[in-house]
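Lettering of chains follows the sequences in order, A, B, ..., and the numbering in each one begins at 1.
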There are 2 protein chains.
Amino acid sequence: MVNEASPSEDNAETPPDGAAKVIAYVRRRLLAGELKLGDKLPAERELCGLLGISRPSLREGLRALSVLGLLDVQQGRGAFIGRADISVIGDALVFTLAQESNAVEDVLQARIAIEAQAIRIACRVATDQHLAAINEKLEHFVDSLNDPERGGAADHAFHLALVEASQSSTLITMYRAIEPLLLRSHVERRRLAAPDPDVTSYLVQAHKDVFVALVNGDPEEADRRIREHFEISARLRRSRFLKSI
Amino acid sequence: MVNEASPSEDNAETPPDGAAKVIAYVRRRLLAGELKLGDKLPAERELCGLLGISRPSLREGLRALSVLGLLDVQQGRGAFIGRADISVIGDALVFTLAQESNAVEDVLQARIAIEAQAIRIACRVATDQHLAAINEKLEHFVDSLNDPERGGAADHAFHLALVEASQSSTLITMYRAIEPLLLRSHVERRRLAAPDPDVTSYLVQAHKDVFVALVNGDPEEADRRIREHFEISARLRRSRFLKSI
DNA sequence: TTTTTACCAGCGGTCTGACCAGTTGCAGGC
DNA sequence: GCCTGCAACTGGTCAGACCGCTGGTAAAAA
């Protein structure tokens with residue numbers, strides 16, 4: 001097996017246990033392009049010999065990869081490379097992290113990173129179709145301001161459409177990893193905040209400003225507007241605590 | 001909530017295998033509120049008896065839950081619900097991104113997104129230790145400019161230290177997820193190949209400017225400097241093709 | 001009396017070897 | 001040529017044994 005990649009953590013560290021060895025093995029070969037969608041892994045009895053671990057330990061690792069969608073394990077046939085599904089883990093995050101407000105704030109920082117960069121790129125590459133989709137999402141957003149569930153979903157859809165307009169698969173994937181948490185956060189926020197006409201019109205205007213900057217194709221201005229929008233949102237989130245005192 | 005079977009099928013059907021029995025058991029009890037974040041599961045020897053399956057089968061199921069971050073399994077102590085942090089998405093993200101046909105430029109856009117946001121945050125939260133570490137990495141970078149291998153690694157270490165100075169788990173996790181993608185394309189090593197004194201001093205100055213802005217604690221300036229640095233790098237990468245014609 | 005050390009039970013991590021169930025390919029019979 | 005049965009290969013599971021880690025308790029030392 002050729003290992004021409006320069007040292008990364010993956011290679012520098014011994015996996016902590018047997019199952020992690022399998023995961024590291026598959027990861028390495030995937031990154032090296034040696035494994036592609038549909039490829040079959042060596043049989044379990046062979047692979048556990050190759051990796052120097054027992055078959056039950058190997059199976060633990062395979063199960064982990066299976067639950068991520070990366071492996072499709074079929075009895076009597078073998079284990080095949082599938083398409084990893086990041087939303088599986090995103091959904092689990094809703095359960096584990098949604099009540100951890102520090103963690104959610106941290107995830108929102110990643111959101112800002114992604115959206116700010118995405119909108120910069122979108123200013124250059126967005127098609128008419130992308131712009132039409134965003135405009136439509138903006139209208140849905142305006143139409144659902146009084147309904148936390150629909151409003152949260154519409155707000156999220158607007159933002160997702162912005163990221164998609166970047167046509168950057170890496171940014172989109174990263175966004176999808178945290179998407180369930182973001183959606184949950186949108187909806188929760190609306191539930192907890194009583195609608196206030198001033199706040200509402202502020203938010204609508206902020207969304208419009210973002211869209212206008214994108215349509216005008218000015219990356220710096222678009223970046224500034226999206227950050228401004230997030231800053232307003234963050235201020236509104238924090239001011240909620242003042243009201244309850 | 002995630003499972004290998006869809007939510008409605010889960011209650012209607014016997015799980016297809018032993019590991020799925022555990023997943024269904026944990027899932028059911030979570031949804032019923034009988035298990036909460038931090039709760040401990042029965043010991044493996046007890047639980048496999050309860051579920052009527054063997055311990056290796058049980059461990060497969062526990063591993064699946066663990067990789068999703070829904071379980072925190074600790075040797076000698078037991079298996080606890082939740083307690084995961086965002087870094088649990090790391091492997092899944094690597095797998096997903098590895099399977100996409102990302103152009104290097106696309107991955108670099110994600111890198112810019114993360115570093116720009118990270119350095120903004122770092123301006124606010126970086127400790128003296130972080131700054132010292134970055135400074136040290138900068139010196140290593142300057143000292144290794146004549147060696148593409150070590151220079152690439154030192155450059156990377158500098159950037160990683162910047163991201164770490166943000167103390168944002170999410171950004172750090174995402175950065176680590178794109179690391180292998182960048183490394184497999186040897187993008188940093190290529191850029192530093194065939195050093196030219198003018199180019200070199202340009203690069204060194206760009207790195208220093210980034211660090212100075214961070215030390216000065218000016219988020220906008222730091223963001224601008226890091227983007228500038230990437231722009232210079234991009235230009236150098238592209239100019240390499242002219243030389244070879 | 002308090003602190004330190006050693007021991008042990010219970011915990012997860014792993015292995016071996018045997019057996020069960022599903023899939024596939026090939027040979028033989030019709 | 002088609003069908004059937006069998007063997008080999010595949011994953012799924014089990015039982016029992018052992019290893020390493022953790023935390024609590026009892027005993028020894030200060």
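Checking Ala43(B) against Pro56(B), the closest nucleotide of DNA chain C that is more toward the 5' end is the one next to Ala43(B). Take the nearest nucleotide of DNA chain D for Val73(A) and for Ser54(B): the residue whose nucleotide is more 5' is Val73(A).
Here the straight-line distance linking atom CG of Leu214(B) with atom CG of Leu131(B) works out to 5.5 Å at 0.5 Å rounding.
Within 4.0 Å (heavy atoms only), Glu60(A) reaches no atom of the nucleic acid at all. Residue Ile53(B) is classed as a sugar-phosphate contact, given heavy-atom separations below 4.0 Å to backbone atoms only.
Straight-line distance from the CD atom of Gln74(B) to the P atom of dG23(D): 8 Å, rounded to whole Å. Between the CG atom of Leu51(B) and the C1' atom of dT13(D) there is a distance of 15 Å, rounded to whole Å. Atom CG in Leu41(A) sits roughly 13 Å away from atom C1' in dG11(D) (whole-Å rounding). Put simply, CZ on Arg45(B) is 7 Å from P on dG12(C), counting in whole angstrom units. Regarding Glu44(A), its CD atom lies at a distance of 19 Å from the P atom of dC19(C), rounded to whole Å. The separation between Glu46(A) atom CD and dG11(D) atom C1' is 14 Å, rounded to whole Å. Rounded to whole angstrom, the span from the CG atom of Leu71(A) across to the P atom of dG11(D) amounts to 11 Å. The interatomic distance linking Asp17(B) (CG) with dG22(C) (P) rounds to 13 Å, in whole Å.
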For nucleotides 4-9 of chain C, which of its nitrogen or oxygen atoms have a protein nitrogen or oxygen under 3.5 Å away, and what is each distance?
none

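Comparing the helix axis at one end of the helix from dT1(C)-dA30(D) to dC30(C)-dG1(D) with that at the other, each defined from 5 consecutive pairs, gives an inter-axis angle of 10° (nearest 10°).
Between Ser57(B) and dG12(D) there is no side-chain polar atom (N or O) within less than 4.0 angstrom of OP1 or OP2. One finds a side-chain N or O of Arg77(B) lying less than 4.0 angstrom from the OP1 or OP2 phosphate oxygen of dG23(D).
No salt bridge links Asp39(A) with Arg29(A); every basic N to acidic carboxylate O contact stays at or beyond 4.0 Å. The pair Arg176(A)-Glu179(A) counts as a salt bridge, with a side-chain nitrogen and a carboxylate oxygen less than 4.0 angstrom apart.
Side-chain to base pairing of Gln75(B) with dG20(D): one donor and one acceptor N or O lie within less than 3.5 Å of each other. In this model, no side-chain donor or acceptor of Arg59(B) finds a partner on the base of dG13(C) within 3.5 Å. Side chain Arg55(A) to base dG12(D): a donor-acceptor pair is found below 3.5 Å.
No side-chain heavy atom of His140(B) sits less than 4.5 Å from a side-chain heavy atom of Phe158(B). Counting heavy atoms from C-beta outward, His159(B) and Phe141(B) have side chains that stay 4.5 Å or more apart.
A donor-acceptor pair is defined here as one N or O able to donate and one able to accept, closer than 3.5 Å; such a pair exists between the side chain of Gln99(B) and the backbone of Ala84(A). Judged by distance alone, the side chain of Asp72(A) and the main-chain N or O of Gly82(A) form no donor-acceptor pair under 3.5 Å.
Residues that satisfy the salt bridge (charged side-chain N to carboxylate O under 4.0 Å, His left out) test with Arg227(B), not counting sequence neighbours, are Asp223(A), Asp223(B).
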Worksheet item: Yes or no on side chain to side chain donor-acceptor pair (under 3.5 Å) for Asp17(A) and Ser57(A), after CA distance, side-chain angles and deciding distance?
Response: CA-CA 8 Å; Asp17(A) 60 28; Ser57(A) 294; over 6 Å; no

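Heavy-atom minimum distance, Leu35(B) versus Val26(B): CD1-O, 4.4 Å.
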